[in-house]
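Below: one structure, written as C-alpha cells.
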Amino acid sequence: MAGRPQKKPDRHFEFSRLNLWFGVSALALLAVTGWMVMADYSKPWKRLQSDFRDRERQALLRQADVERQQVDENELLQLQQEISQEEERQDASRTEIRELESTLDKVEKKIYAADSASRTTKSLLDAARWKYDRTVQESDLAAKERARQKVDDLDAQWLEDRKALELLTEQRDQARGSLDQREAALEEAESRLAALRQGFDTLEQRAANLDKTLSYRLLNAPLLDFMNPDLKIEQVMLPGLYHDINFTKVERVDRCVTCHVAANRIGFDGEEWEHPFRSHPRMDLFVGAGSPHPYNRFGCSGCHGGLDRSTDFARVGHSPSSNEELASWQHNWDWKPQPYLETPIFPAEFSEAGCFTCHSAEVWTPGAEVQDTGRQLAMRMGCFVCHKIDYPAFQDLPRPGPNLSKVAGKTNPSWAFEWISAPRDFRPTTWMPHFFFQENTTTELNLERQKTEIASVVAYLWEKSQSPEYLPPPPGDPRQGQVLFESVGCTGCHLMDAEARRDDFFPQINRLHGPNLVRTGSKVSPGWLYSWIRNPRQYAPDTRMPDLRLTDKEAADITAYLMSSRDPAFEELELPEADQQVRDQMVLQYLRNNQTIEQSLATLQAMTTSERDVYLGFETIQKYGCWGCHDLAGFEIAKPIGVELTEEGSKPLHQFDFGHVHDVPHTRHDWIRKKLLDPRMWDEGKEAVKHYDELLKMPNFGMSEREADAVVTMVLGFTRQSVEASSRAGQTTRSISLVEGRRLITRFNCQGCHLIEGDGHAIKTAIEDVGMLPPNLAAQGARVKSDWLFEYLHDPGAVRLRPWLEARMPTFGFSDDEVNALVSYFAAREERLAFLSDPPQPETRELVVGDVAFNMFQCAKCHPAGPQEDLGAGVGAGDLAPSLLLAKRRLRHDWVPHWILDPQSWIPGTKMPANFPPNPEGGYTSPLAMAIDTPMFEQQKERMMRHFSSDEELKSHLGDADYVTQALRDHIWWNLEQ
Amino acid sequence: MEAIQDLINYLSYPKWSFTLSLVVFFVLLWSKKLWTRAGGLIMFVASVVAFGLSLLDPNFRSVVAKPDNVPIVMMVFLVGYFLWLAMYKANRNDELMERGEPTFEMSEVEDKIFTWPDLVFIEFICMILLMVGLVIWSIVLQAPLEEPANPSVAPNPSKAPWYFLGLQEMLVYFDPWMAGVVLPGLIIVGLMAIPYIDTNPKGNGYYTFKERKTEITLFLFGFLVLWCQMIVIGTFLRGPNWNFFGPFEFWDMEKIEPLVNVDLSEIIWIKVLGVGLPSHWLLREIFGILLLALYLFVLPVVLSKARGFKRYYEKMGPSRFYVGVSLFLVMMLLPIKMYFRWALNLKYFIHIQEFFFNV
C-alpha cells in the first residue's frame with residue numbers, strides 16, 4: 001500500500017477507512033440476521049414432520065399399489081372400453097346435444113332474471129304491506145285506500161312473477177331431463193368405473209395431497225411460513241389438567257404430537273414405523289377417539305409427565321431407560337438432564353405411574369397391571385403403615401401383620417427371636433422384612449446392640465401378651481389332613497411349599513395372601529393350631545381368616561398334617577445371652593431423652609432386669625414401628641415413623657439424599673428403586689459419623705427386580721394434584737360401588753378361590769382339575785338375585801350349590817354393611833339394578849313347550865330337578881350342575897334365557913353345552929324345529945299340537961330360539977316343585 | 001495445580017480478598033508504570049491467561065459459563081479496560097503538564113467537528129456492530145424455557161439482578177433496612193451531591209490524575225472496591241444458601257459453615273463486664289449508640305482540624321466539608337463493619353429489636 005490516504009481537511013476521520021468499516025459491519029449484520037432466521041427456522045420437529053410426510057406418502061402409494069393389484073384388470077379395461085364407446089356415440093349426436101345445452105343455457109338465464117324479478121316484487125310487496133299497516137290507524141281514508149290498492153296490485157304482480165318462474169323452471173327441468181337421458185349411459189359407466197377405482201383412487205389422492213409441490217415449499221419456506229404452513233406446532237389445550245403453582249393453576253397445553261406425529265392416528269404400528277412415527281399402543285384404551293382417554297381431553301403429559309409446552313427434545317424431560325439410550329440421545333438430540341423439571345417423563349418401564357393421577361380413588365385399575373401389582377405389594381408389605389400415603393386407596397386398610405396380643409399362647413420366645421432376626425430364613429415367602437443385621441450395622445458393638453434390641457422386643461411382647469391356655473388337640477391323621485388341606489379350600493390363600501419364593505408368583509400377589517405354612521410344626525403349639533383352625537376369631541378378632549366349618553375330626557387331621565412340617569434348625573433354640581452392659585447403655589440413652597443424666601442413672605438403678613428389658617422393648621418397637629403392621633397394646637395412637645409419600649413423585653430432586661454413592665444416576669426413579677432393593681445403602685460411608693439411633697431404619701423386604709419396579713411405578717404416581725376433580729375417574733355411583741366391592745375382595749382374597757373380573761383362581765396351583773375349581777364369578781350381578789346373594793354371603797353353609805366341589809366357601813362373618821357392599825359391587829359391575837320384580841305368570845302353552853323342551857334337551861341329565869332331590873345333599877353321578885330347584889330363588893329371571901342361549905359368552909369354559917348354534921345373521925337357531933319331527937318326539941309333538949293351531953305355527957315357535965329359552969325358563973320357574 | 005487452586009480458594013474469602021484488593025487498589029492507582037500501552041497489554045494478557053487457565057476447572061466453568069453470568073465476566077473486562085484507558089489518558093496528560101506542555105485534549109482537537117458525518121456515521125457503525133454482537137450472543141446463549149415459576153420451589157441460590165448483587169452482598173453484614181434502604185439511598189444522595197461538594201475546577205475537559213488525586217481515589221474506591229467487587233463476589237463466589245465458595249470450589253448444597261456472630265452489646269456487657277444484658281434497649285445498646293454518635297458527629301469535627309483534612313476544610317468551607325465528610329464516613333462504615341465482622345464476629349453495633357433498628 002502506498003501510504004495511508006490523507007484525510008480530508010474538514011473531516012475528523014479518514015472516511016475511506018470508515019467506509020470499509022461500514023461495509024464490513026453491514027455485511028456482518030446481514031450474515032448474522034440470516035443466521036438468526038435460520039436458527040429460528042430450523043427446528044428439529046420440522047424435519048420430523050417433513051420426514052413423516054414423505055414416509056406417509058410412500059406408504060399410501062404402496063397401499064394404492066396393493067389395491068390396484070386387487071382390482072380385476074379385465075373389468076377395468078372393459079369399463080374403459082364401454083366408456084369410450086359411449087363417448088363415441090355421444091359424439092355422433094353431438095349437434096343435438098349442443099342444441100339441448102344451448103336451450104338449457106338460455107332457459108337458465110331467463111330463470112335467473114325471472115327469479116330476481118320475483119324477489120324484487122316480493123320485497124316491494126312486503127314494504128307496501130308495512131306501509132298499509134302504518135296507515136290503518138290514521139284517519140286519512142284516501143291514503144288508506146291507496147295503500148291497500150298498492151298492496152293488492154303488488155300481490156297480483158307477485159303471483160304473476162311466480163307463475164312465470166314456475167313455467168320457466170318446468171322448461172328447464174324438461175331440457176335437463178332430456179340431456180341427462182342422453183348422457184345417462186355414459187355417466188353410469190363412469191360411476192361404475194369410479195367405484196372400481198375407488199380403493200386406490202382415494203389413496204393416491206391422499207398421497208398427492210402430501211406431495212411436496214412448489215406451493216408446499218413456498219408456504220413452508222423461512223419467513224414465508226407465517227401464512228399457512230403445513231409444518232407447524234400441533235397442540236391441544238386441556239382445561240381439566242393443570243400445573244399447580246400455588247397462586248394459580250396453569251392449564252396444560254400439550255405439544256407432543258408436533259414430533260410424535262402419528263401418536264394419535266391409527267395405523268402406524270408396524271415394524272417400519274420407529275419412534276417418533278409410531279401410533280400409540282392400544283388405541284382402543286388410550287388416545288383413540290372412542291377410547292376412555294381420548295386425546296383431545298387428556299393429551300399426553302397428564303399421564304406421561306414431562307413439560308407439556310416444550311418442543312425441544314431435552315427440555316421436555318424425556319427419560320432414558322438405559323445407558324445406551326442415554327448415549328444415543330446425547331449424540332442425536334443433545335439431551336441433557338433437566339434438574340428443574342418437577343415431573344420428567346416417566347421412563348418407559350414406569351409409564352403406568354401416570355394412571356394414578358386420576359385413578360387414585362380406585363382399588364385396582366383394569367389396564368394398569370404394573371401399577372396395580374405395585375399397590376397390591378404395598379398393601380401386603382405395609383408401606384402405608386410407616387409412610388403416610390394420603391389417598392383413599394390407602395385408608396382403612398387392614399394391618400398387614402398378625403395380631404400379637406396373645407402371642408404367648410401361640411409360640412415360644414426363642415422362636416420369636418430367630419424369626420425377628422431374619423424372617424426369610426424361616427419362611428422365604430413372608431412379607432415381614434428384615435430390620436436387623438443390615439449393612440449399616442456391621443460393627444461389633446452395633447451387632448451386639450441389634451441382638452439386645454431383638455431380645456428386648458421379645459421380652460416386651462411376652463410381658464404384654466395374654467397367655468391363653470390351649471388343650472392338646474385330639475389325635476389326627478396327617479395323610480388325611482393333607483388331602484383335606486389340598487381340597488377343602490385352604491390352598492386358596494395358603495401355600496405349603498418349602499421351595500417357594502415370593503417372586504415365583506409375580507404378578508399374582510394374592511397367591512401369598514395367607515402365610516406359607518411350611519415348618520409350622522416348629523413354630524406353634526398344636527393346641528393353639530387346633531383352636532385357631534376351628535375358630536380364628538377367638539385368637540385374633542380382626543383376622544381375615546374365615547371359618548371353614550370343619551368338623552372336629554377334620555380339624556384334628558389338618559392340625560396333625562401341619563404340625564408334621566418341621567425344621568429342626570428352629571426347634572430347641574436357646575435365647576442368646578444378652579449383653580447387660582449394652583442393654584443398660586441403650587436404656588440410659590432412651591431415658592436421657594426426658595431426664596437429666598443423674599435422673600436417668602437413678603431410674604435405671606431402680607429398674608429390675610426384666611423391667612429394663614421391657615422398657616427397652618417398648619422403645620425399640622417405637623423406633624422400628626412394629627406397631628404399624630402388628631396390633632400391639634400401647635401403640636394405638638402412634639404416628640407413622642417414615643417419610644410421607646403422598647407427593648413423593650413431585651419431590652424436588654435435591655431432597656433425595658444420594659449420600660456418598662456415585663454410581664447411581666441422579667433421577668427420582670433410580671433413587672427410589674435402589675432404596676427399595678437395598679434400603680440402608682444410602683448410609684454408605686456415613687456409619688462412622690451417625691449415632692446408632694440416627695442410622696437408617698427402613699427394613700429390607702428382599703424384593704425382586706420386578707417387585708421393585710412395580711412399587712416404583714406406584715410411588716412415581718404419587719404426584720401433586722394436577723387434575724380437576726371433575727376430570728378424575730371414580731366419580732360416578734357405579735365407580736364407588738366398584739371400589740367398595742373391590743376393597744373387600746382384596747381384603748378377604750376372594751380371588752384366591754374365585755375368578756373375578758377375569759383374575760384370580762390362585763387355588764389352581766393346588767387343584768389341577770379345572771372342573772373342580774371354585775366358580776367363575778363373571779357376570780354375577782346379572783345372574784343372581786341380590787337378596788339371595790345377601791343371604792348366601794352371610795351363611796354359605798346353608799346350601800350346597802355345587803355339590804361336586806370339594807372346596808368349601810368359608811364363612812367370613814361379614815357385617816351387613818360388608819355384604820351390602822359386595823352385592824352392590826356385583827350389581828354395579830353388570831350395570832344392573834340391585835332388585836328386580838318377579839316375572840309374570842306365563843301361559844299354559846309356554847309351560848307345555850318348556851316342559852317338552854326340557855325333556856328334549858335332557859337338562860335333567862346334569863341338573864338335579866326332580867321333587868325328590870334333597871337340596872344340598874348332592875349324591876349321584878348326575879350332579880354335575882347346580883340343582884334347578886334353587887333357580888327360582890337364586891337366579892334372575894331375565895338372565896336365564898340368555899344363559900341357556902349362549903353359556904360360553906357368560907362363563908367361558910363352562911361345561912354347560914351350547915344348545916343353540918349361532919346363525920349367520922348374528923342370532924341363534926333352535927334345533928327343536930327340526931328335531932320335533934323325529935319319531936322319538938312324536939308324543940311330545942302331539943302334546944304340543946293341542947296348543948297350536950297348525951304345524952307351521954308350532955315349527956315357527958320352536959324355531960325361535962328366544963321363545964324356546966324363555967319357555968324353558970318358565971318351566972324351571974313354574975313347573976318344578978320347589 | 002490442586003494446591004494453587006486451594007490457595008486461590010482460600011484467598012478468595014472476603015476477609016483476605018477484600019484486604020488484598022485494598023492494597024492492590026492503592027498500589028495500582030498510584031503507580032505510573034502500569035498505565036501505559038505496554039502496561040495495559042501486559043495486564044490484559046495476564047488476565048486472559050489467568051481466565052483461560054481457570055476455565056479448565058469444571059467448577060469454575062459451570063459458574064462462569066452460565067448464561068446469566070456471562071455479562072458479568074464481560075463487565076469485569078470492560079471495567080478494567082475503561083479504567084486503564086482513563087488512567088492512561090490521565091497519566092499522559094500529567095506527564096505533559098509536568099513538562100509544561102499543553103494537555104493532549106488541547107493539542108489534539110479542532111474547535112468543532114461536524115455532526116454529520118463525523119459523529120453520526122461513527123455512531124451508526126457502532127450501532128450495527130452492537131446489533132451484530134447482540135444477535136450472536138442471543139443465538140449462542142439461549143435463555144432457558146423452564147416450567148411455570150413455582151413459589152414453593154425457590155432456586156438455591158436466589159440471586160438479585162447483577163446491579164443489586166452488591167447490595168445483596170451487603171446484606172451479609174447489615175440488616176435489610178440499612179443495606180437495602182438507608183445505604184443505597186445515601187449512595188444516590190451522595191452521587192447527586194458530588195457536584196455541590198466537589199468544587200475542584202481542575203480536570204475540566206481533560207484527563208488528569210495528579211490534579212484530582214483525592215477525588216478520583218475516593219470515587220474509584222467506592223465504585224471499584226465497594227461496588228464492582230461486591231458484584232463480582234455476589235455473582236461468582238456466593239453459592240447455595242449464600243455460603244461462600246471459592247472460584248474452584250464445587251457448589252455443595254449441604255455445605256455448613258459455622259456462623260456465630262455476637263452483638264457489641266453482648267461483647268461488652270457479657271464478655272467484658274461479666275454482667276447480664278440490661279432489659280431496656282437504651283441502656284443495652286448505649287455503647288453502640290455512643291460509638292456511632294462519636295463516629296458520625298464527633299469525628300467530622302475532629303477531622304476538620306486533622307492534618308490531611310484541614311486543607312479541605314479551609315478550601316470547601318464548613319457546610320460542604322461536613323456534608324462531604326459525613327458521606328465519606330458513612331461509606332467507610334461498610335468496610336469498617338466488614339472488618340469488625342471478620343475479626344470479632346461482630347453482628348451489630350446497635351441491635352434494637354424493639355423497633356427494628358440495627359447497625
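Values below: all heavy atoms of this structure, side chains included; hydrogens, waters and symmetry mates excluded. None of these values were measured; they are calculated from a predicted model.
The shortest distance between side-chain heavy atoms of Val643(A) and Lys651(A) falls below 4.5 Å. Side-chain contact between Thr357(A) and Ser722(A) is present, with heavy atoms from C-beta onward closer than 4.5 Å.
Contacts between Ser650(A) and chain B at a heavy-atom distance below 4.5 Å are absent for every atom of the residue. Neither the backbone nor the side chain of Gln338(A) comes within less than 4.5 Å of any heavy atom in chain B.
A salt bridge links Asp334(A) and Lys336(A); the closest N-O separation between the charged side-chain nitrogens and carboxylate oxygens is under 4.0 Å. With respect to Asp663(A) and Lys674(A), no salt bridge is recorded, no charged nitrogen being found less than 4.0 Å from a carboxylate O. A salt bridge does not link Glu684(A) with Lys686(A): every distance from a Lys NZ or Arg NE/NH1/NH2 to an Asp or Glu carboxylate oxygen is 4.0 Å or more.
Using non-hydrogen atoms only and a strict 4.5 Å limit, no part of residues 81-90 of chain B faces chain A. Contacts between residues 53-62 of chain B and chain A, counted as heavy-atom pairs separated by less than 4.5 Å, involve no residue at all. The interface of residues 18-36 of chain A with chain B, defined by heavy-atom distances below 4.5 Å, comprises Leu18(A), Asn19(A), Trp21(A), Phe22(A), Ser25(A), Ala26(A), Ala28(A), Leu29(A), Val32(A), Trp35(A), Met36(A).
Side-chain contact check for Tyr206(B) and Glu211(B): at least one donor-acceptor pair (N or O, by modelled atom type) lies under 3.5 Å. Under 3.5 Å, the side chains of Ser16(A) and Glu14(A) contain no donor-acceptor pair of N or O atoms. For the residue pair Asn93(B)/Thr208(B), the side-chain donor-acceptor check at 3.5 Å is not satisfied.
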Taking distance alone, no hydrogens or angles, what donor-acceptor pairs closer than 3.5 Å link side-chain atoms of residues 133-143 of chain B to residues at least two apart or in another chain?
unit_1, atom_1, unit_2, atom_2, d
Ser138(B), OG, Val135(B), O, 3.0
Gln142(B), NE2, Ile139(B), O, 3.4

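Under the 30°/60° scheme for interplanar angles, the aromatic rings of Trp671(A) and Phe658(A) are found to stand perpendicular. Ring pair Trp333(A)/Phe313(A) is parallel by interplanar angle, where below 30° counts as parallel and above 60° as perpendicular. Under the 30°/60° scheme for interplanar angles, the aromatic rings of Trp329(A) and Trp335(A) are found to be tilted.
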Item to complete: Test Ser301(A) against Arg252(A) for side chain to side chain donor-acceptor pair (under 3.5 Å), laying out the working first.
Response: CA-CA 8 Å; Ser301(A) 69; Arg252(A) 286 185 188 262; 3.0 Å; yes

Discussion item. Checking Asp308(A) against His243(A) for the side chain to side chain donor-acceptor pair (under 3.5 Å) test, could you report, in this order, the C-alpha distance in whole Å, the side-chain angles of both residues, the deciding distance, and whether it holds?
Written reply: CA-CA 10 Å; Asp308(A) 44 317; His243(A) 295 280; 2.7 Å; yes

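Residue with the most contacts toward chain A among Leu119(B), Leu129(B), Ile122(B): Ile122(B) (heavy-atom pairs, distance under 4.5 Å).
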